[in-house]
2 protein chains.
Amino acid sequence: MNAKYPVRTTEKTLALVEQLMKRGSCGVTELANDLDMGKSAVHNHLTTLQEHGYVQKVGDEYQLSLKFLEVGGRIRKSMEFYQVAEPEVKSLAAETNELANILVEEQGMGVYLMRAKGKDAVDLDTYAGLRTCLHATALGKAILAHLPESRVEEIIEHRGLEQKTPKSIGTREELFQALNDIRERGYAIDDGERLEGLRCLGAPVKTSSGEVLGAISVSAPASRVSDEDLHGDLPEKVLSAANVIELNINY
Amino acid sequence: MNAKYPVRTTEKTLALVEQLMKRGSCGVTELANDLDMGKSAVHNHLTTLQEHGYVQKVGDEYQLSLKFLEVGGRIRKSMEFYQVAEPEVKSLAAETNELANILVEEQGMGVYLMRAKGKDAVDLDTYAGLRTCLHATALGKAILAHLPESRVEEIIEHRGLEQKTPKSIGTREELFQALNDIRERGYAIDDGERLEGLRCLGAPVKTSSGEVLGAISVSAPASRVSDEDLHGDLPEKVLSAANVIELNINY
DNA sequence: AACGGCGTTCTCTAGACCAGAACGCTTATT
DNA sequence: AATAAGCGTTCTGGTCTAGAGAACGCCGTT
């Protein structure tokens, strides 16, 4: 859905924010060139953003401030799913000694809400707020499996089915087959589909009315996860964590 | 510093974001009333923000999206101090079994970058991105003690010295005395100044040229921290963590 | 001294923002 | 059923402002 009467000035401000995020820290002239704007316009936008705390001037360069982290943190903190799931992610990580994550769906993409590292955890670059496509992770597939089929169609229409690795799901048929399996099995598996050599196991978290709120997972190097683990011990722990979250949400 | 030629349209967009953050989730008319704007204006701003992913429509209400978390997360991740300090905060929490935090200064306020909970950790509401005044925490004082005096003056001028608890620092003289002590001692103590019954111990992290980058701390209930701990075991652990960070930053 | 680059100031007008009215839709009320 | 009251959305015209461009002051370099 695109805005019918977009506010062009706001779009320029947002473009500036994006550019500043890419560059990290830079000067007025540089931004003006990047965005094909006059220097004065860029300057006015930057000082406006600065006045409201979203941008700061360090030396003679401008950069985004941590205000974005504050806003993001408040939004996350206000989500019931996050509040309830947070301690469970930590215990799951501690119990398995691996990396545990939670993910929610937003605008057809997965957003990592937090992660917790067990003592042997691999160091992935999944920070809170990171977006990922849904079809190539155990977390994402666990969510897709419990969305209405029409929504899934919409998402693959809009976002496509990018192949992250040769093992990634690449066609509609494959995906719907996988989602069926997940619904039967109760949990989703990612065996090197997002990252070669990484195995993940994800379970959905649903309300009592069946609506999916998000998913919880454990990720570990293939070398430490046998085929038996993938269908025995590990799913049990992840499902149990998902279950505790569901119980705490539904009271 | 206030913008000389503010972009009013951008200010309206930002006001909308703030309001949406306060409300959590709400409709066009409600926002229009809150901000004294026409419904059409609010609608145009919201759809523009939506198109760029900062706002989403859930049912027939609008709300901020996790895009802010994404942007904030990227900013944090790009900070060298965060990258280096992150593992040390975790080990400090594990070692002490209490709550460990890191904080940086921005625009005269402290911003929590992350926290790690040891197994006995108290559950404070310090989430990543939260802002706090500098003079009432061990972390903040550790930073203030190593900023140029002119900067400290500027900050208390601008932000004041709010008393969080009866024990909080309330006057300039008290503050400068405290900062002197901290410089001599090497670490800062907060004995119930931010929150009654909570004791914190914070140490600054500086570059080789003496510039302060941030601070690291441990917080624990007073019942678990004796007066001896406050000057013996605990500072040693916190200082050691700060030292490791400094070494890793300066190579 | 002169130059080239920067961030910032300032002015003026083309253009966009937005109040307000109107519309379709859903829900509450009669 | 019919009405009313509320919502979000569409659309337009008049008003205000966003921003190009020129000029300025301030570095560092030549």
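A note on names: the letters A, B, ... follow the listed sequences, proteins ahead of strands, and every chain is numbered from 1.
Spacing between atom NZ of B/Lys4 and atom P of C/dG7 amounts to 18 Å, rounded to whole angstrom units. Taking atom CD of A/Glu11 as the reference point, atom C1' of C/dA16 lies 12 Å away to the nearest angstrom. C/dG7 atom P lies 8 Å from atom CD of A/Glu30, rounded to whole Å. The CG-C1' distance, from B/Asn44 to D/dG8, rounds to 12 Å in whole Å. Between A/Arg8 atom CZ and C/dC18 atom P there is a gap of 13 Å when expressed in whole angstrom units. Distance CG (A/Leu31) to P (D/dG19): 14 Å, rounded to an integer number of Å. We find that CE of A/Met37 is positioned 5 Å from P of D/dG19, with the value rounded to whole Å. Separating the CG atom of A/Leu46 from the C1' atom of C/dT9 is a distance of 15 Å, rounded to the nearest angstrom.
For C/dG7, neither phosphate oxygen OP1 nor OP2 lies less than 4.0 angstrom from any side-chain nitrogen or oxygen of A/His43. Contact annotation: A/Tyr5 does not reach the phosphate of C/dC17 (side-chain N/O to OP1 or OP2, under 4.0 Å). Residue B/Thr29 places at least one side-chain N or O closer than 4.0 Å to OP1 or OP2 of D/dG8. Here A/Thr9 does not reach the OP1 or OP2 of C/dA16: none of its side-chain N or O atoms lies under 4.0 Å away. At C/dC18, none of the side-chain N or O atoms of B/Lys39 fall inside 4.0 Å of OP1 or OP2 (strictly under the cut-off). An OP1 or OP2 oxygen of D/dT9 is reached within less than 4.0 angstrom by a side-chain nitrogen or oxygen of B/Tyr62. The side chain of A/Lys57 contributes no N or O atom lying less than 4.0 Å from OP1 or OP2 of C/dG7.
The pair A/Arg131-A/Glu106 meets the salt-bridge criterion, with a side-chain N (NZ, NE, NH1 or NH2) lying under 4.0 Å from an Asp/Glu carboxylate O.
Closest of all the heavy-atom pairs between A/Thr48 and B/Val7 is OG1-N, 2.8 Å.
For C/dA19, its base sits under 3.5 Å from the side chain of B/Ser40 at one donor and acceptor pair at least.
Under 3.5 Å, the side chains of B/Glu51 and A/Asn2 contain no donor-acceptor pair of N or O atoms. For the residue pair A/Asp181/A/Gln177, the side-chain donor-acceptor check at 3.5 Å is satisfied.
Note: A/Tyr127 and A/Tyr112 fail the aromatic proximity criterion, with ring centroids not under 6.0 Å apart.
A/Lys12 comes within 4.0 angstrom of sugar-phosphate atoms only, judged by non-hydrogen atoms across all strands, and of no base.
Remark on DNA chain C: of its neighbouring residues A/Val28 and B/Gly38, the 5'-side contact belongs to A/Val28, judged by nearest-heavy-atom nucleotide.
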